[in-house]
Each structure stands twice: as structure tokens, then as C-alpha cells.
Amino acid sequence: MKWTLGLFVVIAMAVGGLSIWTRARPVPAEALAWPQGTWEPGDHQSRGGIVAVRTPQDPRAAFSRLAGIIANTPRTEIREGGPNADRMIAVTRSRVMGFPDVTHVWTEDGRIYVSGHLVMGAGDLGVNARRVRGWLERAGL
């Protein structure tokens, strides 16, 4: 019984320590760098991320709606731009462990681009894709 309690305490301390470390660790500058590439309209998934491209009637209004939704998402910090800008970078942290995910939003050539990707780890179990698609759905895109 004693060793079970001891094991539980060690595991709890390890999880707590990892959570503190992930929340305290700054997001690396390279994770905030703007994505490079050209994408056609649709969803382009990768391991730990997604680039969603939409062609709305009014890209400026669509950007503003989407940026407002992202800015009001829990555990999300706007690092650059916002609803009244042309581009935006946001960092959203997971609820329990505080893992950071970076989202870039911009308009170009009549399209709106949303790129979401993880910063730590090798995969996110589709979390970024679900988040981005949810934002797009709420914005009517």
C-alpha cells in the first residue's frame, strides 16, 4: 500500500513538473515564423498541423470575424495583429499540460489562410485540425 502511494506521488510530481515546464518555456521564434508555400482552397493536413484555405466573398470581413473568434478562445494569446490587422499570430495552450500550438491567419489574393501547428512533440492527435475547422465553422467559412 505504501509503495502505491509513493508511486502515485512520484507520478503526480512528474506530471506537475512537466506542466510547469511547458507553460514556462517560451515559444521558439522559429515556431512563430510565417509559413512558406502556396496552397489551393481546402484543408491540407500534416502531422501536428493543418493549413486551411478558403475563398470567401469578402476576405477582409471574413478575416475580421475569424480573428475575433480566435482572440476570444480560452488559453489563447495574440502575439501579432488581431481582428483589425491584415495578419495574426496566436498561441493557444492545451488545458491540462499547457502545450503551445501556433496559429497564423492571413489574407492573400482573395483567400484567407489559417495555419495551425504544434510546437512541442511529434503529433497532436488532430487537435489543431479540429480547432481550426471549428473556428472556420463558427466564422461561416
Side-chain angles (χ1 to χ4, degrees), residues 1 3-141:
M1 182 72 150
W3 70 268
T4 306
L5 180 60
L7 180 62
F8 176 76
V9 168
V10 168
I11 291 171
M13 288 177 63
V15 169
L18 180 61
S19 177
I20 291 169
W21 179 76
T22 60
R23 290 174 192 276
R25 181 175 181 247
V27 176
E30 60 269 11
L32 298 172
W34 285 91
Q36 302 297 312
T38 305
W39 298 275
E40 293 299 315
D43 293 348
H44 310 277
Q45 237 174 304
S46 64
R47 189 173 184 172
I50 185 171
V51 176
V53 183
R54 302 293 187 266
T55 310
Q57 294 258 3
D58 184 350
R60 182 72 211 128
F63 176 91
S64 185
R65 279 193 318 272
L66 182 59
I69 290 166
I70 294 169
N72 288 305
T73 299
R75 300 174 313 283
T76 298
E77 173 190 354
I78 305 305
R79 292 288 185 93
E80 179 182 311
N84 298 320
D86 294 333
R87 316 173 355 149
M88 183 170 114
I89 300 174
V91 175
T92 304
R93 291 190 176 267
S94 64
R95 181 177 294 139
V96 176
M97 297 301 290
F99 291 117
D101 294 327
V102 174
T103 304
H104 294 85
V105 184
W106 72 100
T107 59
E108 186 177 313
D109 299 327
R111 294 179 177 163
I112 188 163
Y113 295 81
V114 184
S115 172
H117 63 88
L118 60 77
V119 174
M120 300 172 72
D124 72 343
L125 303 173
V127 170
N128 276 297
R130 283 191 301 276
R131 181 184 305 118
V132 167
R133 287 183 181 126
W135 285 336
L136 291 167
E137 186 176 311
R138 287 176 52 203
L141 298 169

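Quick caveat, the model's predicted, so the values are computed rather than measured.
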*Asks:* Between P41 and T55, which heavy-atom pair has the shortest distance, and what is it?
*Replies:*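 Heavy atoms only, the tightest pair is CG-OG1, 3.6 Å.
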*Asks:* Which heavy-atom pair separates P59 from T107 by the least distance, and what is that distance?
*Replies:* O-CG2, 3.8 Å
*Asks:* Determine the minimum heavy-atom distance between G49 and N128, stating which atoms define it.
*Replies:*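 It is CA-CB, 4.4 Å.
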*Asks:* Give me the atom names and distance for the closest heavy-atom approach of T76 to A90.
*Replies:* CG2-CB, 3.9 Å
*Asks:* Under a 3.5 Å threshold, yes or no: a donor from one side chain and an acceptor from the other, between S115 and W39?
*Replies:* no
*Asks:* Just verifying a value: how many Å separate D58 CG and F63 CZ, rounded to the nearest 0.5 Å?
*Replies:* 12.5 Å
*Asks:* Is it the case that the side chain of R111 and the backbone of V53 share a donor-acceptor pair, with hydrogens and angles ignored and the cut-off at 3.5 Å?
*Replies:* no
*Asks:* Quick one: CH2 on W106 to CD on E80, what's the gap to the nearest 0.5 Å?
*Replies:*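 If we round to the nearest 0.5 Å, W106:CH2 and E80:CD are 12.0 Å apart.
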*Asks:* Given the rule in the side chain to side chain contact (heavy atoms under 4.5 Å, CB included) test, do F99 and V127 qualify, once you have shown the distances and angles that lead to the verdict?
*Replies:* CA-CA 11 Å; F99 291 117; V127 170; over 6 Å; no
*Asks:* Between T73 and I69 (side chain of the first, backbone of the second, donor and acceptor by atom type, cut-off under 3.5 Å), is there such a pair?
*Replies:*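 The answer is yes, because a donor-acceptor pair under 3.5 Å joins these two groups.
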*Asks:* Can you give me the closest heavy-atom contact between A52 and L136, atom names plus distance?
*Replies:* CB-CD1, 3.5 Å
*Asks:* Looking only at non-hydrogen atoms, find the nearest pair between A67 and M88 and report the distance.
*Replies:*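 The pair with the smallest heavy-atom distance is CB-SD, 3.5 Å.
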*Asks:* Specify whether H117 and H104 have parallel, tilted or perpendicular ring planes, treating 30° as the upper limit for parallel and 60° as the lower limit for perpendicular.
*Replies:*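 Geometry flag for H104 against H117: parallel rings.
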*Asks:* Tell me whether R75 contacts the main-chain N or O of R93 through its side chain, where contact means a donor paired with an acceptor under 3.5 Å.
*Replies:* yes
*Asks:* Quick one: does any side-chain atom of Q36 pair with a main-chain N or O of W34 as donor and acceptor, under 3.5 Å?
*Replies:*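 Checked: pair present.
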*Asks:* Let me see the working for D86 and R60 under side chain to side chain contact (heavy atoms under 4.5 Å, CB included), right down to the final yes or no.
*Replies:* CA-CA 8 Å; D86 294 333; R60 182 72 211 128; 3.8 Å; yes
*Asks:* Please test L141 against R65 for side chain to side chain contact (heavy atoms under 4.5 Å, CB included), starting from the C-alpha separation and ending with a verdict.
*Replies:* CA-CA 10 Å; L141 298 169; R65 279 193 318 272; 4.0 Å; yes
*Asks:* Any chance you could measure R79, atom CZ, to I89, atom CD1, to the nearest 0.5 Å?
*Replies:*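 Spacing of CZ (R79) from CD1 (I89) equals 9.0 Å.
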